[in-house]
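In the text below, chain A, chain B and the rest are named by the order of the sequence lines, each starting its count at 1.
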Amino acid sequence: MKQFYCGQLDKTFVGREITLFGWVHSRRDHGGVIFIDLRDREGIVQVVFQPEDKSLFEKAEKLRNEFVIKVVGYVRERPLGTENKKIYTGEIEVIVKELEILNSCSILPFDISEYTDVSEELRLKYRYLDIRRDAVYKVLKLRSDLLSITRNFFVKNGFLEIETPMLTKSTPEGARDFLVPSRLNKGTFYALPQSPQLFKQILMVGGIDKYFQVVRCFRDEDLRADRQPEFTQIDFEMSFVEQQDVMSITENLLCDIFEYVTGKRIEIPFLRMDYEEAISKYGTDKPDLRYGLEIVNVTSIFLDTQFKVFRSIIDNKGSINVIVIPEGYIFSRQQIDDYISFVQSCGGNGLAWMKYKENKFESNIVKFFSELELNSLKEKLKLVGNEIIFFSAGEHRKSCELLGLVRQRLAKELGLIKDKNEYKFLWIINFPLFEYSDEEKKIVSVHHPFTMPNYKQLDILETKPLEVKSCAYDIVLNGVELGGGSIRIHDLQLQKKIFSLLKISSEDIENRFGFLLDALSFGAPPHGGLAIGFDRMVAILTGNESIRDVISFPKTQKGICMLSGAPSEVDKKQLIELGLMFKDKK
RNA sequence: GGGGUGGUAGUUCAGCCUGGCUUAGAACGCUGGCCUGUCAAGCCAGAGGUCGCGGGUUCAAAUCCCGUCCACCCCGCCA
């Protein structure tokens, strides 16, 4: 059995005989003396082979990168002047007495040393080699530590960790489900959970009171840097709570987690921002507050404008919004054009723009505006000179969202995020309960249909549903939606009313949510909760752009596991057993 | 479904725009040799390529054009 990690040896071991196991990280064969950097997950230590013992030395000459070896030797201080300050164990070395080669290693498909970047594709195919790299190991270690902190936090606060089913019922509202055919009930399917939403609510009805779970969730949608088909959530739910209580528990949990990583307590409570404000100022419901570049609504300036493009937008009750690139950034015409086509690739019509320089506006559209309009613009935007103004005109939310994307891209390209270790948390609150879906031609839930409407607006639920706010809240960090939750509906009649507003047929309600409605009828307590996207959080904490970097075996953009080759075709026999294929008639 | 970037020794890349100066290079890695204090060891020698795949243009294609596959980023989608 392994006694010590190579990377943990220091001067206190000097003089001791020791047995080490590890991988050959690098070898430096000087002919008369051979140095091996022996590595395990905690680091490297230099082991030395001297020529006196001829058979030992000959064996050592055969060592190559990533051979797995066992060495027995004694620890000594390195001779004066040969210490290596770059590594933790650099003051000592191990003089080897015995060597056992436990396994050899094929020629590596890529260099494991930290000095070269290797394509992600290759790293994932040979993920086990990638995981030997210190940077990858450290992420997995941190992830493990944070899970442990999370569990401690909840247990300490009286929560029970309860597992909910992985084989469960499809709820085709929302994301696409992964389906699993049932062999015992041919023609029927389980769904893998998109979240344990209904089960955790039912646990509340079961009187559990405080539940949490570190849980894998599944969504069959297109992948992104921050989206994998399976991902991990820190999910929790509490009974007899208000929105404030759930937010406070979340803040305390994040405090523990961030203190562990950064050594500093983050400030709580976090900033709260209305959904409407986030959209209007930042063009997104997950604004990054590490930089300014706020969107400004300038519609009022152009109410009487003669510029046809703006005129028709205003007549159609749209709004005109701008984002100002402050002085001090050189911006070519080509760059401006790039932004215009960027907006077009995001589904917009483009951007109007102006340069403000030496008290004058310059651009192809300046001539359409009156002196008054331009002066008001100058005043409203507090222009001092050498700014560039991007205009987006259209339906208010769409126009802001496009500028939101512009804002994000500007921040990246202008390098506005200077401190990598800055964490700007905020809560987004007062989401609308419903929104109108053009695609489905009806109102749909913004959050999910179990979200409690704002108590004060219950009277207009049926008359003006689109004006009703919800008791939902999202936790946002540095432009990333870390998680979200809500107070849930615990009243059967209210839940039924919501379903009917969503135009879900009573048959569908019964089939899909009947068990929840039953539960609500049997003394369901008021309750609410939240779920945190664990992968996203770890990605932020480790400075990674993609959650693939913090998942042990992630999938590619097409949902393929480069290591195992999943998904793959299955035996005909399996399909026949599942009733998905019939035996050939002979 | 749409827009974009990339694909050249084992690896990371250069060459491509402007076709022929190429027998397609470099570095690292690999193999062999030398070397007793290195630590991304050094020195010498060597092996290693269907330029993602398929078609086209051309006297001539890694280089230009079309299609396709894979990876990545973004939009749609993700209650």
(request) Treat primed atoms plus P, OP1 and OP2 as sugar-phosphate and everything else as base, then score nucleotides 1-11 of chain B 5' to 3': B for base contact with protein heavy atoms under 4.0 Å, S for sugar-phosphate contact only, - for none. (result) B--------SS
(request) Verify the contact: side-chain N or O of A:Ser113 to OP1 or OP2 of B:A40, cut-off strictly under 4.0 Å; return yes or no. (result) no
(message) With hydrogens left out and only the distance checked, is there a donor-acceptor pair under 3.5 Å joining A:Arg27's side chain and the base of B:G29?
(response) no
(message) Would you measure the distance from the P atom in B:C21 across to the matching atom in B:A61 and give it in whole Å?
(response) 12 Å
Using nucleotides 48-53 of chain B, report all nitrogen or oxygen pairs with the protein that are shorter than 3.5 Å.
none

(request) Classify the side-chain pair A:His396/A:Ser280 by whether it contains a donor and acceptor separated by less than 3.5 Å. (result) yes
(request) Give a yes/no answer on whether the side chain of A:Lys86 brings an N or O atom under 4.0 Å of OP1 or OP2 in B:A40. (result) yes
(message) Minimum heavy-atom separation for A:Leu530 and A:Lys200, please, with both atom names.
(response) O-NZ, 3.6 Å
(message) What is the distance, to the nearest angstrom, from the CD1 atom on A:Ile547 to the P atom on B:C72?
(response) 12 Å
(request) Go through residues 474-484 of chain A and report each residue with a non-hydrogen atom lying under 4.0 Å from RNA chain B, sorted by number. (result) none
(request) Tell me yes or no: between the side chains of A:Tyr473 and A:Asn430, is some donor less than 3.5 Å from an acceptor? (result) no
(request) Please confirm whether any donor atom in the side chain of A:Arg227 sits under 3.5 Å from an acceptor in the base of B:C78, or the reverse. (result) yes
(message) Between A:Asp220 and A:Arg176, does any NZ, NE, NH1 or NH2 come within less than 4.0 Å of an OD or OE carboxylate oxygen?
(response) no
(request) Check whether any side-chain N or O of A:Arg28 sits under 4.0 Å from OP1 or OP2 of B:U38, and answer yes or no. (result) no
(message) Between the base of B:U38 and the side chain of A:Arg78, is there a donor and acceptor pair under 3.5 angstrom?
(response) yes
(message) With side chain to side chain donor-acceptor pair (under 3.5 Å) as the test, pick out the partner of A:Arg488 among A:Glu237, A:Gln201, A:His527.
(response) A:Glu237
(request) Using the aromatic ring of A:His30 (for Trp, its six-membered ring), decide whether it stacks on the base of B:G37 within the limits of 5.5 Å and 30°. (result) no
(request) Tell me yes or no: between the side chains of A:Asn321 and A:Ser392, is some donor less than 3.5 Å from an acceptor? (result) no
(request) Classify the side chain of A:Gln50 and the base of B:U36 as holding, or not holding, a donor-acceptor pair under 3.5 Å. (result) no
(message) If you compare every side-chain N and O of A:Asn84 against the phosphate oxygens of B:U38 (OP1, OP2), does one of them come in below 4.0 Å?
(response) no
(request) Keeping the roles fixed (side chain from A:Lys169, backbone from A:Asn511), state whether a donor-acceptor pair exists under 3.5 Å. (result) yes
